[in-house]
Amino acid sequence: MPSPPPAPGEHLPRWQWPVDSGRYDIRRTVRAAEKQAIVDLGVVNLRRLARHDSAAPQWRQIRRLLRPLDDAAAALDSPPTPHRRRATLDAGAVMLLRCAETGRSYWAWTETEWANLLGRDQQGFRKAALSWADDAVRPYLAAHAFLLGGFTAFYRLGSFSRLTLAWRVFGRERVDGEIRRIRAVLDGWGYQLGREGDTVLPMVACQVFLLNRSPHIEELTTELFERIRGERLLPDLRLNTLHAMQRAVAELGHCEPPQRMTGRHSARATGGAQEWARWVDRWFDTSTLTPRVRGSVRSTLFKVGRWLEAEHPEAADPASWTRQTCAAWIAALDRMKVGDYVQRTVGLKDRTGKPLEAPTKATQLSAVRTFFRDCQEWEWIPRRFDPQRALATPRSVAALLGPDPRVIADEVWAKLMWAGLNIEEEDLPQTRAGTFYPLELVRAVTLTWLFSGQRSDEIARLRVGCIRWQHDGTTIAGDSKQVLARDAVCLLDVPTHKTGTAFTKPVDPILGQALDAWQAIRPEQPKFTDRRTGELVDLLFATRARKVSSAYINNTVIPMLCRKAGVPAADVRGNITSHRARSTIASQLYNAKEPMTLFELQAWLGHRSPQSTQFYAKISPTTLTRAYDDAGYFSRNVRTIEVLVDRDAVTSGAAAAGKPWQHYDLGHGYCTYTFFEQCPHRMACARCDFYTPKDSTKAQLLEAKDNLQKMRAAIPLSEDEQAAVDDGQAALDRLLGRLADTPTPAGPTPRQLDVPPNATLLPLVDVRQGKAPQA
C-alpha cells in the first residue's frame, strides 16, 4: 500500500516516488477516455518522433499517465544524448500502449506483468515488445519499472547491467561511493572482491541496492540479506559475494554478520520416546562440554531413545532406569548393526548391516554414562545405580580398543615432503576466480603439517607471532641477516590443545621461514573466537575475514600433495589423513640415529603422560632388526668349530670302510668322532680313543696332506656349555665335575681315563653369515 504523503517541505529522493501518494494520481484503472486517447494518438505520436503532433488534444487526456513518465526520464542520471533520449521516449510509448491494452495503469501492474514486458533476456523482450522497440529501450523500461511500478525483481530478468541501472536511478557518484566503502573493508581482509578491477561485487551490490530501493549501506539490514538467501533472489554463484558483502556491512556496524554456511551441517537428531527426548534436550542445554562433543552425545542419546521406544517404552524416563535396563542396553548395543535405530542412512553406503566396531560401541556407551552421571550429579534423578559400573565397557569390547597411530611408509612420506617443499602456483586447486588461498598461505599450512607434528585443529588455531627465533636464550628477528641468525633455534608456540595447555617446541627453521613469509603479507583480519578457550585472538591462518578450516588439510592439502608426489591417497592402513603425519614424525624422531628419549618426545608432542607417547613412538622394522642382530640371539646359542675333511679317504672309499675322515680341531688335538655335536664332552674333551694330540706324529701327517679341505661345523650349545663359554673357568670346572662319570664315545668315563682337572676349553668361534671359507 502507498505510504502517506510527505510532510510539507520534506524532499523525497526520486527512487522513492512510487510510495509518494501526494505527487501523482495513481489510480489503478485507465479510464475509457484515456484508453481512446492513446489509441487516437497512435505509435508515431506516442514515440514523439520529429513529425509527431505535440498540439493534439489527446495529450491532455493522458496527462495523468504521461507526466510521471517525463519526470522519471528527467530524473535519470544519464547523459541527454539523442540516442538515449530516443530510447527513453520509446520506453514511455511502450508503457502507454500496454496501459491501453490492459486497461490498467502501470502503477497497478504486477511483478509478473513487468517481468513479462521486460523479458527474461533481450530476445524475450523483442518477442513481447513492438517491433520498433530496439535493444536500447529495455534498460530505460527497467528504470521506469523501478521508479514508477516499484519493480525490484531484477533477478527474474537474466543478464543485464545492474550497475548501469543503479547509476541511472540512484546516481553514479552515490553508488560508486557506497561500493568503495565496501571494497575498502574487503580489500583490507584480502578479498579479491576488494580490488578495483573486480566486476562481481558492483553487480551484486547494485542488485541488493535495487532490492532495498536505497543505495545507502546504512539501510541494509540483516533481514534483507536473509530474505535474499531464503527467497533465492540471487544466483547460487553469487551467494559467496553476498556473504562477503554482508560481512563488510556488518564490520561497518549496520547489520549482523552472516551465519557460516560452509561445511556439512546435519539436521539435529529427533525421534524416539518423547519423555526421553525432553530429558536429552535438557541435558544438552545444561552441559558444558564443547559443542561438537555435546552434539555427538546428543545424537547417541536419541539413538537410545529410539531403542527405548521400540524395546523398553517403560524406561523412557531416565529416573526409571535400573541396572537391568543398563544391561539390556549394553547387550543390544553389542549385537547392533550399522543402520539400526538411526535417524537416516544417508552416507552409510555399503556399511549398512555390518556389525558395529569396538570403538563405536565404546563411544556410545561413554555417551550414555556421561548422561546418567550428569543427571545424578545435578540431582535431577535419584542414584539407583553407578553409571561407571553399570554402563562400563565390556571386557570383550575393551580388549579391542587402543590407540592405533598409522605410520606412513618412509618412502611415501619422503615423496610427500618433497612435494610440500616444491609446491607451486599451478599445484593449487583452482576456482572460477583463480586460487582460493594465496600460495604463501597454502605453503605455510602444508609445511606446518609436514614438520610440526601437530593435530589439524592445533594447526588451524595457531596465532599470529607463534614463531620465535632464539640463540642462546636471546631473541632475534627471523629475517635477521646476522651470522647469529643462521644458528638460531626456531620455536613454535602451540595453543591450548586436546590434552594440555599451551607449550613451546622447537621446529625446523624451514617451517619458521614459511610462517614468517605468510605473516609478512597476511592482510589485517578481524579477531576470531578460539573455540577451545573462548578468547578473541588473531589467527595466523586466516584471510578474507575467514579462518582456514581444520578440515582443509584433509580435504585439500593432502590430495594436492599426493597428486604432485605421484602417490596414492590411501595405503594398506587406510587413507592418508592429517593425524597420520603426527605418528610418522614421532616414529622417525624415535628411530633416528640419535633418537629422542621417550620423555623428550612426550614434551615435543605435548602429551600429558608418557603412555600416550608410547603409542606414537613406533619402533621401525629397521631399528628393530638392527637391535635384534646386536643382541646376537642366534650366535649366542650356536657356535662353529673348524673341521678338517680328508678328501682322499672319502674318494678312495676308505671312509666307508671305517677310516676317520672328519677331524674336529680342538685346539690341542683332533677328534674323529663322527657325531661330535652329540658328544657331552665336546666342550672339554676327555681324550678318549677318538682323540689325536696335535703334537703326535699322526696329527702331523694329517696336517701335511695336500688334499685336505678345511670347513666349519655349527655346534648348538646347552645351558651348561653356554655358561662355560660366557662365565669362563669356574663354569668349566662345574661342567667337568658333572661329566666325570659320563661315558665318552669310546666307552670309558673321564674319571676312568684319568683326565686332569685343568682341561682346556674347546676353542669355539661366533657364527658367521654366509659360507665358511675353504682351505
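Only this structure's heavy atoms are used, side chains among them; waters, hydrogens and symmetry mates stay out. Along the sequence shown, the residues carry numbers beginning at 1.
- In this structure, E111 places its CD atom where more than 12 heavy-atom neighbours from other residues, nucleotides or ligands lie under 6.0 Å away.
- How far CZ of R443 is from CD of E424: 8.5 Å, rounded to the nearest 0.5 Å.
- Remark: R195 does not engage D187 in a salt bridge, criterion side-chain N to carboxylate O under 4.0 Å.
- For T446 against M560, the heavy-atom pair with the smallest separation is OG1-CE, 4.1 Å.
- Ring pair F154/F146 is tilted by interplanar angle, where 30° to 60° counts as tilted.
- Between Y191 and W189, the ring planes are tilted. Angles from 30° to 60° get that label.
- The structure places CD of E440 at 3.5 Å from CD1 of I521, a figure rounded to the nearest 0.5 Å.
- Within the 4.5 Å cutoff, the side chain of S452 has heavy atoms near those of the L511 side chain.
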Chi angles and distances behind the side-chain hydrogen bond (donor to acceptor under 3.5 Å, both in side chains) call for Q454, K505:
CA-CA 11 Å; Q454 295 305 123; K505 62 189 292 184; 2.4 Å; yes
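- Using a distance-only test at 3.5 Å, with no hydrogens or angles considered, no donor-acceptor pair links the side chain of E173 to the main chain of G171.
- Without hydrogens or angle criteria, W167 side chain to D77 main chain gives no donor-acceptor distance under 3.5 Å.
- A donor-acceptor pair is defined here as one N or O able to donate and one able to accept, closer than 3.5 Å; no such pair exists between the side chain of T613 and the backbone of L601.
- Between W413 and W449, the ring-plane angle classifies as perpendicular under the 30° and 60° cut-offs.
- Within 6.0 Å of CZ in R532 there are more than 12 heavy atoms belonging to other residues, nucleotides or ligands.
- Not one N or O on the side chain of T529 forms a donor-acceptor pair closer than 3.5 Å with the backbone of R531.
- Between the CD atom of E600 and the CG atom of L605 there is a distance of 12.0 Å, given to the nearest 0.5 Å.
- Side chains of T556 and V442 form no contact here, defined as non-hydrogen atoms less than 4.5 Å apart.
- For the atom pair CG of L233 and CD of Q207, the computed distance is 8.0 Å after rounding to the nearest 0.5 Å.
- Contact of the V407 side chain with the R580 side chain is not registered, since no non-hydrogen atoms from C-beta on lie closer than 4.5 Å.
- Checking side-chain atoms of N575 against main-chain N and O of T577 turns up no donor-acceptor pair under 3.5 Å.
- Residues A248 and I182 share a closest heavy-atom pair of CB-CG2, 3.9 Å.
- Ring centroid separation for the pair H497 and F503 comes in under the 6.0 Å cut-off.
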Applying salt bridge (Lys or Arg N to Asp or Glu O under 4.0 Å), run through R298 and D281 and close with a yes or a no.
CA-CA 8 Å; R298 183 181 185 275; D281 286 334; 2.9 Å; yes
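- Here the side chain of R213 pairs no donor or acceptor atom with the backbone of T152 at under 3.5 angstrom.
- Considering only heavy atoms from C-beta on, P438 stays 4.5 Å or farther from R522 through its side chain.
- With a 4.5 Å cut-off on side-chain heavy atoms, T499 and S612 do not count as touching.
- By the 4.5 Å heavy-atom criterion applied to side chains, I553 and V445 are counted as neighbours.
- A cation-pi arrangement is absent between R84 and Y140 under the rule of less than 6.0 angstrom and at most 45 degrees off the ring axis.
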Please output the side-chain donor-acceptor pairs of residues 459-467 that fall under 3.5 Å, not counting sequence neighbours, one pair per line with the distance.
| residue | atom | partner | partner atom | Å |
| --- | --- | --- | --- | --- |
| R461 | NE | D530 | OD1 | 3.1 |
| R461 | NE | D530 | OD2 | 3.3 |
| R461 | NH1 | D457 | OD2 | 3.3 |
| R461 | NH1 | T496 | O | 2.9 |
| R461 | NH2 | T496 | O | 2.6 |
| R461 | NH2 | D530 | OD1 | 3.3 |
| R461 | NH2 | D530 | OD2 | 3.3 |
| R463 | NH2 | D530 | OD2 | 3.1 |
| R463 | NH2 | E535 | OE1 | 3.2 |

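- Sorted by first and then second residue, the salt bridge (Lys or Arg N to Asp or Glu O under 4.0 Å) pairs involving residues 136-154 (not counting sequence neighbours) form an empty list.
- When all heavy atoms of L157 and G119 are compared, the closest pair comes out as CD2-O, 3.7 Å.
- For Y437 and F541, the gap between ring centers reaches or exceeds 6.0 Å.
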Mind running salt bridge (Lys or Arg N to Asp or Glu O under 4.0 Å) on K564 and D427 for me, showing each step along the way?
CA-CA 7 Å; K564 184 174 180 64; D427 300 320; 3.0 Å; yes
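- Here the side chains of W518 and T448 are not in contact, with every heavy-atom distance at 4.5 Å or above.
- In E426, the CD atom is crowded: over 12 heavy atoms of neighbouring residues, nucleotides or ligands sit closer than 6.0 Å.
- Of the possible polar contacts, none joining the E178 side chain to the D176 backbone as a donor-acceptor pair under 3.5 Å is found.
- Between L118 and R156, every side-chain heavy-atom pair lies at or beyond the 4.5 Å cut-off.
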Using side chain to side chain contact (heavy atoms under 4.5 Å, CB included), reason through F125 and D135 one step at a time and then give a plain yes or no.
CA-CA 8 Å; F125 170 70; D135 293 348; 5.5 Å; no
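- Formation of a donor-acceptor pair under 3.5 Å by the Q246 side chain with backbone atoms of T222 is not found in this model.
- Listed for the T584 side chain is a donor-acceptor partner under 3.5 Å among the backbone atoms of I408.
- Looking at R582, its side chain never comes within 3.5 Å of a backbone N or O of S456 through a donor-acceptor pair.
- Salt bridge R183/D198: present, at least one basic N to carboxylate O contact under 4.0 Å.
- Taking CZ of R455 as the reference point, atom OG of S550 lies at 13.0 Å (rounded to 0.5 Å).
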Derivation and outcome, side chain to side chain contact (heavy atoms under 4.5 Å, CB included), residues I510 and F451
CA-CA 9 Å; I510 196 171; F451 285 92; 3.9 Å; yes
